[in-house]
Visitor: 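Structure provided below as structure tokens; questions to follow.
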Amino acid sequence: MEIVESILDIPVQDPPEEEFSSADLIWTKFGTAEHHDDVALIPYARVDEFIIGECSNVECPTRFHIERGRKRSMGSLKEYKSDEYLEYRLYWCSFGPENYGEGGGVLPSRRYRLNTRNRAARPQSMRGCTCHFVVKRLYAHPTLALIIFNERRHINKSGFVCHGPLDKDAIGPGAKKIPYISNEIQQQTMSMIYLGIPEENVLEKHIEYVQRYGGSDATASTLASQYVRKLGMIIKRSTHELDLDDQASIRMWVERNKKSIFFYQDTSETDPFILGIQTEWQLQQMVRFGHRSLIAADSTFGIKRLKYPLCTLLVFDSRQHALPVAWVITRSVAKPDVAKWMKALLDRARSVDPGWKINGFVIDDAAMEIDPIRDAFCCPILFSIWRVRGSWLRNVVKKCSNIEVQREIFKRLGEIVYSIWGGLDTSVALEELILDFVDQSAFMEYFKSTWVPKIEMWLSTIKTFPLASQEASGAIEAYHVKLKTKLFDDSHLGALQRVDWLVHKLTTELHSAYWLDRYADESDSFQHVKEEYIASTSWHRALQIPDSAVTLDDKGHLFAKVASQKDNSRTHLVWNPGSDFAFCDCAWSMQGNFCKHVIKVNMICENAKGCRPSMSFWSFREILIDLCKKPMDDSIGLDESVAWTHQMLDQIKQLVELNSSNDIGIVVNNMPLKWISKKGRTFVGIPASLPALPSDSKTITKNVQKSRKRKRLSRLR
């Protein structure tokens, strides 16, 4: 076939059929002798009919999704070739290109696609199909579209038919009868089923969304109903035990879910077991909410009850709720092992956004290795006291029967922590505590055996690192409580020593719960789910309590009263107000948690005279005071202190301006101009003045533009 080098030599084709495909067109070789493609020219208004015709291929019925797209505005190009685009879209068969299966083998095919907007998300549909084409709306002729077919056959890289009736292993009905279901609808339906929502409600919501996308159709509604019921049966019959041996079962799960694994190391004589799990949705949330923000670790969950402890990495979403973005299952806390999975996680985030960076990492365990965090993330480290506070409060309530004794012991424990900034001897304060409450033998035995040997390490960590706020600590604690509720159900006690059960619970029920929470909030649907999600942290519940409901004691601020919002006749007492170790008599606080009454009272005490500031503020103030104590003759140290202080002050000013402004546009306009590299977005700053261009600068500019165009065309081909 003769090769054509100009678009003007290609005839425009307008088939009479209502819907047409590549078989109805005459294809022309366009390009050069070294590199050319099969192309056809059709009216731009008929592109949709062509795509529908391609999807209706009898031999390989499918759907095509937009893999990539670009646009230009008219007049943006002063010089252009005949094949320059006004709009560019790359369409790819939804049965490709991934093909993950157990052991890396080929999965059984099917005649229909598993209904997803982007490339098929379920493993059964990832067939590795290479069929794809480009549609270019021509810049010179906007009423025409150039179709460039890179691969017309529905085959994989080995050249075999990989889906449809020509595949000897194909099963199932025809593709045209299957209602279109996007990833979002599918995930929504799965989440509702996993969370135990009645099937009638799931079906009603599913059909509503299917009809919203594809219109009202009785057949489509019937098939959608069958889809929901079958999906429900699959989920109910699914089991975490892929093999009777737990280790073999985990290996099989890892092989089947490679896209959800960011690090895996099997047990050997020299290496411990490490499994790092992160779904694609979690990766998106980590990149979105973690960039220039905080990441927190709930680091030692299930250390006594699970076969391997669970570490969860959290980001704070748009409502400052803790959102799990990665799970690490391992018993090893050694530096080399922690460094391995942290580096793998960071590399995965930067594969999406090369300029991704966090502003701080919040830890909750004084024994956690710090060096791997600093080496990987290169950011400040903060410490949250929620774990030590909760452990002390829970055991005080459990092991001491008198509520007045409970209040006093918890207050004294708080004074020991506050004493690290007051110059008091911690060992003396501990001895006085043990002597004063020697009659509380149950609690003292627990405290001396569990905490006295390591309390110096914890207090040193609290003093060394900036402390996280009560809002952040409450959000981490809320996640921990939700995780505990999901996993430590009485019906699952026999499976706690199996890793495959833990993985199954995390990636199904817990993942679905958080996905639905975020979806309900952002789409303003599922109002009941949205309301529960908003009120899931004590901080947000405290914001619903009016200031008038709080009454402080006039004599020394020994306690505060908080009127109940549900029962006007009931009042909660908060002792030691203003302190992170305040004690409330409500049921939630008695379980060892940060309650809304303590947080609300501490909010009021921030502006009250005679009240102690929060520990996070006290820690921040001590760090600034310590910087000011640098000796004048230590010039380098003084310079570093001044630079750090000014950097923090600038950030604080920006935050204050942002919080106090009613118009975000004014804040943005006042920000300094920043130039960011398109590829890496790693360089930030105003570039120096450019040198004067030489006399032949126009020629150089033209050559650069031509070089860029050639690169773009080579990518298309």
Side-chain angles (χ1 to χ4, degrees), residues 384-420 429-430 432-434 436-437 439-440 442-444 446-447 450-451 455 458-459 462 467-471 473-474 476-478 480-481 537-539 541-542 545 549-565 567 570-606 608 610-618:
S384 172
I385 65 165
W386 80 268
R387 188 178 294 278
V388 59
R389 180 192 184 277
S391 178
W392 287 355
L393 178 57
R394 191 163 49 252
N395 282 278
V396 164
V397 173
K398 181 180 178 181
K399 301 181 184 298
C400 302
S401 56
N402 190 304
I403 191 170
E404 293 181 358
V405 174
Q406 294 172 0
R407 296 168 182 167
E408 189 59 29
I409 290 180
F410 195 58
K411 180 180 179 180
R412 292 281 293 275
L413 290 171
E415 290 176 353
I416 291 175
V417 177
Y418 275 97
S419 68
I420 61 177
L430 283 172
E432 291 178 354
L433 174 71
I434 295 172
D436 291 346
F437 297 97
D439 56 329
Q440 303 298 321
F443 176 77
M444 285 303 157
Y446 153 79
F447 188 74
T450 305
W451 285 99
I455 196 163
W458 281 80
L459 294 179
I462 293 173
L467 296 184
S469 63
Q470 290 186 19
E471 183 180 11
S473 298
I476 301 171
E477 183 184 74
H480 185 88
V481 171
T537 66
S538 296
W539 180 272
R541 292 194 293 270
I545 302 176
V550 180
T551 306
L552 288 174
D553 174 36
D554 294 334
K555 299 179 180 179
H557 297 318
L558 297 177
F559 63 88
K561 294 181 180 180
V562 183
S564 174
Q565 301 303 296
D567 185 359
R570 189 174 181 183
T571 302
H572 295 284
L573 279 178
V574 177
W575 290 84
N576 196 21
S579 169
D580 288 56
F581 287 81
F583 185 97
C584 181
D585 58 3
C586 71
W588 187 247
S589 178
M590 289 295 191
Q591 296 175 22
N593 303 309
F594 265 116
C595 74
K596 60 183 179 181
H597 309 107
V598 167
I599 293 177
K600 182 62 183 181
V601 168
N602 288 351
M603 289 179 181
I604 298 295
C605 289
E606 286 180 1
C611 290
R612 178 182 290 173
S614 67
M615 290 185 66
S616 59
F617 180 80
W618 199 312

Visitor: Locate the shortest heavy-atom distance separating D553 from L558; write the atom from each residue and the value.
Guide: OD2-N, 3.4 Å
Visitor: To the nearest 0.5 Å, what is the distance between NE2 on H597 and CD1 on I545?
Guide: 5.0 Å
Visitor: Over all heavy atoms of both residues, which pair between A542 and K596 is shortest? Give the atoms and the distance, please.
Guide: CB-O, 3.4 Å
Visitor: For D580 and S616, run side chain to side chain contact (heavy atoms under 4.5 Å, CB included): C-alpha distance rounded to whole Å, both residues' side-chain angles, the deciding distance at 0.1 Å, then the answer.
Guide: CA-CA 9 Å; D580 288 56; S616 59; 5.9 Å; no
Visitor: Please report the closest heavy-atom contact between V598 and A582, naming both atoms and the distance.
Guide: CG1-CB, 3.8 Å
Visitor: Should R407 and N576 count as side-chain neighbours, where that means a heavy-atom distance under 4.5 Å?
Guide: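 In short, these two side chains do not touch, never coming nearer than 4.5 Å.
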Visitor: For the residue pair W618 and Y418, establish whether any side-chain heavy-atom pair is separated by less than 4.5 Å.
Guide: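 In contact.
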Visitor: Going from CG on D436 to CD1 on I409, what distance comes out if it is rounded to the nearest 0.5 angstrom?
Guide: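 One gets 10.0 Å once the value is rounded to the nearest 0.5 Å.
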Visitor: Could you state the interatomic distance from CZ (R412) to CD1 (I434), rounded to the nearest 0.5 Å?
Guide: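 Reported value, rounded in 0.5 Å steps: 11.0 Å.
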Visitor: F594 versus R389: any side-chain heavy-atom pair under 4.5 Å?
Guide: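 Counting from C-beta outward, F594 and R389 do come under 4.5 Å.
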Visitor: Are T450 and N395 close enough that some pair of their side-chain heavy atoms sits under 4.5 Å apart?
Guide: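 When only atoms from C-beta onward are counted, N395 and T450 do not touch, as no gap falls below 4.5 Å.
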Visitor: Roughly how far, to the nearest 0.5 Å, is the CD atom of Q591 from the SG atom of C586?
Guide: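 If we round to the nearest 0.5 Å, C586:SG and Q591:CD are 9.0 Å apart.
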Visitor: Starting at CE of M615, measure out to CZ of F581 and round the result to the nearest 0.5 Å.
Guide: 5.5 Å
Visitor: Could you check whether the rings of F443 and F447 sit parallel, tilted or perpendicular, using 30° and 60° as the cut-offs?
Guide: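 The arrangement is parallel - the two ring planes meet at less than 30°.
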Visitor: Where do E606 and F617 land on the side chain to side chain contact (heavy atoms under 4.5 Å, CB included) test, with the steps shown first?
Guide: CA-CA 10 Å; E606 286 180 1; F617 180 80; over 6 Å; no
Visitor: Should the heavy atoms of other residues, nucleotides or ligands under 6.0 Å from NZ of K399 be counted, would the total exceed 12?
Guide: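 Check passes, neighbour count above 12.
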Visitor: Where do M590 and I403 come nearest, in terms of heavy atoms and distance?
Guide: CE-CD1, 3.8 Å
Visitor: With heavy-atom distances below 4.5 Å as the criterion, would you say the side chains of N593 and S538 are in contact?
Guide: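 A side-chain contact under 4.5 Å is absent here.
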Visitor: If you look at every heavy atom in I462 and L467, which pair is closest and at what distance?
Guide: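 Shortest heavy-atom contact: O-CD2, 3.7 Å.
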Visitor: Is there a donor-acceptor pair under 3.5 Å between the side chain of Q565 and the backbone N or O of A563?
Guide: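 Looks like yes, one N/O pair under 3.5 Å.
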Visitor: Does the side chain of F583 come within less than 4.5 Å of L393's, by heavy atoms?
Guide: yes
Visitor: Show your working on side chain to side chain contact (heavy atoms under 4.5 Å, CB included) between S614 and N602 and close with a plain yes or no.
Guide: CA-CA 8 Å; S614 67; N602 288 351; over 6 Å; no
Visitor: Minimum heavy-atom separation for S473 to A468, with atom names?
Guide: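 Heavy atoms of S473 and A468 come nearest at OG-O, 4.1 Å.
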Visitor: Between K561 and L573, is a side chain to side chain contact (heavy atoms under 4.5 Å, CB included) present by the stated rule, with each step listed?
Guide: CA-CA 5 Å; K561 294 181 180 180; L573 279 178; 3.6 Å; yes
Visitor: Is the ring pair W451/W458 parallel, tilted or perpendicular, if the boundaries are 30 and 60 degrees?
Guide: perpendicular
Visitor: Measuring from D585:CG to Q406:CD, what's the distance to the nearest 0.5 Å?
Guide: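 Rounded to the nearest 0.5 Å, the CG-CD separation comes to 10.5 Å.
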Visitor: Go through the side-chain N and O atoms of R394 and S391 and say whether any donor and acceptor fall under 3.5 Å apart.
Guide: no
Visitor: If we only count heavy atoms from C-beta on, is the M444 to F437 side-chain gap below 4.5 Å?
Guide: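 The answer is yes, as the side chains (C-beta and beyond) meet within the 4.5 Å cut-off.
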Visitor: So do the side chains of M603 and I599 get within less than 4.5 Å of each other, counting heavy atoms only?
Guide: yes
